[in-house]
Structures are given as structure tokens and as C-alpha cells.
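Notes for the one structure printed next.
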Amino acid sequence: MRILVVEDEPAMARLLARGLGEEGHQVELAATAAAASARVDDDWDVIILDWGLPDGDGVLLLGRWRRRGLGTPVLMLTARGQVGERVSGLRSGADDYLVKPFDFEELLARLDSLTRRRPARELRAGRLRLDERGRCARADDHLVELSPRELDVLRLLVERAGDAVSRDDLLAAVWGEAFTGPGNVVDVYVGQVRAKLRQLGDPATITTVRGLGYRLVVP
């Protein structure tokens with residue numbers, strides 16, 4: 001999952017980023033309401049939102065997001081355990097909440113429950129269909145399974161079909177801005193995705209944009 005964690009306590013933010021990362025999720029952090037609002041319209045599977053932020057109230061912030069049409073599941077973290085306060089958070093648009101301190105296994109279970117409730121999304125580019133929940137790509141009657149990384153690479157290319165996508169954009173979106181692995185990892189995975197598209201009968205092709213990155217071209 002792609003998870004945005006909005007948490008101003010550095011120790012808690014690092015703990016969540018490390019723990020969720022070890023579970024295979026892509027995590028990005030925002031420490032303020034302003035930073036979170038600048039990122040909230042990105043394609044997140046779930047948002048973890050702290051109630052108390054240095055520049056605003058998480059409940060009021062979430063209410064504004066929902067009024068703007070945000071449909072992403074939101075799990076609220078709060079140190080407030082009173083029933084009235086929890087109800088206020090749920091009424092503002094939170095899908096679930098956890099009271100600090102919490103058990104990390106419970107957090108994982110709640111995130112899993114939230115994302116199971118979310119309707120499956122299918123992205124299209126010409127004959128190519130990308131099934132995020134089934135983690136596969138389809139064209140006509142053909143299907144190929146995708147690894148999580150392959151899915152993420154192809155998702156970004158499909159979302160921006162026809163546009164050049166830089167290697168830096170792919171690296172940040174799929175592996176995170178803090179990635180320190182081999183520099184050719186994007187090229188390796190693009191090659192794997194190309195091979196999968198050929199198995200589907202080339203419903204779309206990935207062309208190289210010299211000096212920049214790649215472009216998904218749909219016939």
C-alpha cells in the first residue's frame with residue numbers, strides 16, 4: 001500500500017515509517033497540516049492522521065478534505081480516549097481510529113480492514129487494463145500477474161499515459177525518495193514490465209525518452 005503518515009512527533013513518525021516499510025508498504029511522512037494538505041490529493045491507499053498537529057486540528061483538517069471530495073480511507077491516531085472525542089473524529093470523516101499508545105499489530109490489522117473495504121480500482125489505457133486489487137494486467141482475454149513493484153511502475157505509467165515520466169519520478173513514487181539502492185533499478189523493472197506487456201500482445205508499449213525516462217504509448 002501507499003500510505004501517507006501525518007504525524008508531528010519525530011519518534012512516532014520514524015517508528016511508523018520503519019514498521020510499515022518492513023511490511024512492504026511505501027510510506028511518506030508529513031509533519032504538519034500544511035504539508036499534508038499539499039500531498040493529500042496524491043494516490044494514497046490510506047492516510048494515517050494524527051489528531052493534534054502543530055499548525056492545526058486533525059479533525060478540522062479531515063473535515064475540509066472530505067468536503068473537497070477526498071475518498072481515501074483515513075485512520076486517525078489520538079491520545080484522546082473519551083467517547084465524545086472519538087465520535088467527533090468519526091463524524092468528521094475518519095474511517096477508524098486508534099488511541100495512543102497502541103499495538104503495532106492492531107494498527108496493521110486496522111489498515112488491512114480499511115483497504116479491504118475500499119472499492120477495487122481498475123485503470124485503463126486503450127486495451128490495457130490494470131487491476132490493482134488482483135495485481136495483474138489484462139488485455140482482451142489475456143492476463144499477466146505483476147509483482148508489487150511492477151504494479152507500481154505500470155500504475156504510474158498508465159496514469160500518465162502519453163506523457164514522459166522521468167526516472168526520478170518513478171524512483172520516488174515506487175521506491176521512495178530515501179531509496180539508496182542501485183541506480184539502474186528503474187530500468188530493470190521497466191524492462192520486466194515491457195516483457196509482461198509483450199505477453200499480453202502489446203496493448204501498449206513503453207518507449208524510452210532519451211535523457212529523461214519513459215513514456216507509455218497506447219495504439
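Quick note: residue numbers are just sequence positions, from 1.
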>> In the structure I gave you, are the side-chain heavy atoms of R167 and L171 within less than 4.5 Å of one another anywhere?
In response: no

> Is it the case that one hydrophobic cluster holds both L156 and V217, taking links as side-chain heavy atoms less than 4.5 Å apart, direct or via other members?
Replying inline: no

>> Are R66 and V74 packed together at the side-chain level, in the sense that at least one heavy-atom pair is separated by less than 4.5 angstrom?
In response: yes

> Looking only at heavy atoms, what is the nearest atom pair of E7 and E9, with distance?
Replying inline: OE2-N, 2.9 Å

> Would a distance-only check, ignoring hydrogens and angles, find a side-chain to backbone donor-acceptor pair under 3.5 Å from W65 to T72?
Replying inline: no

> If you look at every heavy atom in L216 and I206, which pair is closest and at what distance?
Replying inline: CD1-CG1, 3.8 Å

>> Quick test of your reading: applying ring-ring contact (aromatic ring centres under 6.0 Å, His included), list the pairs with at least one residue in residues 183-219, sequence neighbours left out, ordered by first then second residue.
In response: W175-Y189

> How many angstroms lie between CE in M12 and CG in L29, if you round to the nearest 0.5 Å?
Replying inline: 12.5 Å

> Is the CD atom of E145 crowded by more than 12 outside heavy atoms at less than 6.0 Å?
Replying inline: no

>> Please give me the minimum heavy-atom distance between L128 and A204, naming the atom from each residue.
In response: CD2-CB, 4.2 Å

>> To the nearest 0.5 Å, what is the distance between NE2 on H25 and CG on L111?
In response: 7.0 Å

> Given side chains that start at C-beta, do those of L60 and R64 come closer than 4.5 Å, heavy atoms only?
Replying inline: yes

> Under the side-chain contact (heavy atoms from CB on, under 4.5 Å) criterion, do R194 and V190 qualify, and how do the steps go?
Replying inline: CA-CA 6 Å; R194 276 176 169 152; V190 167; 4.3 Å; yes

>> Taking F104 as the starting point, is it possible to reach M1 by hopping between hydrophobic residues whose side chains are less than 4.5 Å apart?
In response: yes

> Any side-chain heavy-atom pair from V153 and Q192 closer than 4.5 angstrom?
Replying inline: no

> Which value, rounded to the nearest 0.5 Å, describes the distance between R2 atom CZ and D152 atom CG?
Replying inline: 7.5 Å

> Is V209 linked to L157 within one hydrophobic cluster, defined over Ile, Leu, Val, Met, Phe, Trp and Tyr using a side-chain heavy-atom separation of less than 4.5 Å?
Replying inline: no

> Between A137 and L130, which heavy-atom pair has the shortest distance, and what is it?
Replying inline: CB-CD1, 4.4 Å

> side chain to side chain contact (heavy atoms under 4.5 Å, CB included) with M76: which of I48, V59, I47, V99?
Replying inline: V59

>> Any salt bridge linking D50 with K100? Criterion: basic side-chain nitrogen under 4.0 Å from a carboxylate oxygen.
In response: yes

> Quick one: does L61's side chain get under 4.5 Å of V40's, heavy atoms only?
Replying inline: no

>> Does any part of the side chain of Y97, heavy atoms only, come nearer than 4.5 Å to the side chain of L49, both counted from C-beta?
In response: no

>> For L77, run the side chain to side chain contact (heavy atoms under 4.5 Å, CB included) check against L16, V6, V5 and tell me which one passes.
In response: L16

> Where the side chain of D55 meets the backbone of A33, is there a donor-acceptor pair that is under 3.5 Å apart?
Replying inline: yes

>> As a quick check of understanding, evaluate side-chain contact (heavy atoms from CB on, under 4.5 Å) for K196 and L154, giving each step before the final call.
In response: CA-CA 10 Å; K196 295 288 180 73; L154 187 53; over 6 Å; no

> Looking only at heavy atoms, what is the nearest atom pair of L53 and A31, with distance?
Replying inline: CD2-O, 4.3 Å

> What's the spacing between D163 CG and R215 CZ if we round to 0.5 Å?
Replying inline: 7.5 Å

> CG/D202 to CZ/R127 distance, rounded to the nearest 0.5 angstrom?
Replying inline: 8.5 Å

> For L212 and A164, which heavy atoms make the closest approach, and how far apart are they?
Replying inline: CD2-CB, 3.4 Å

> Roughly how far, to the nearest 0.5 Å, is the CG atom of D95 from the CG atom of L75?
Replying inline: 8.5 Å

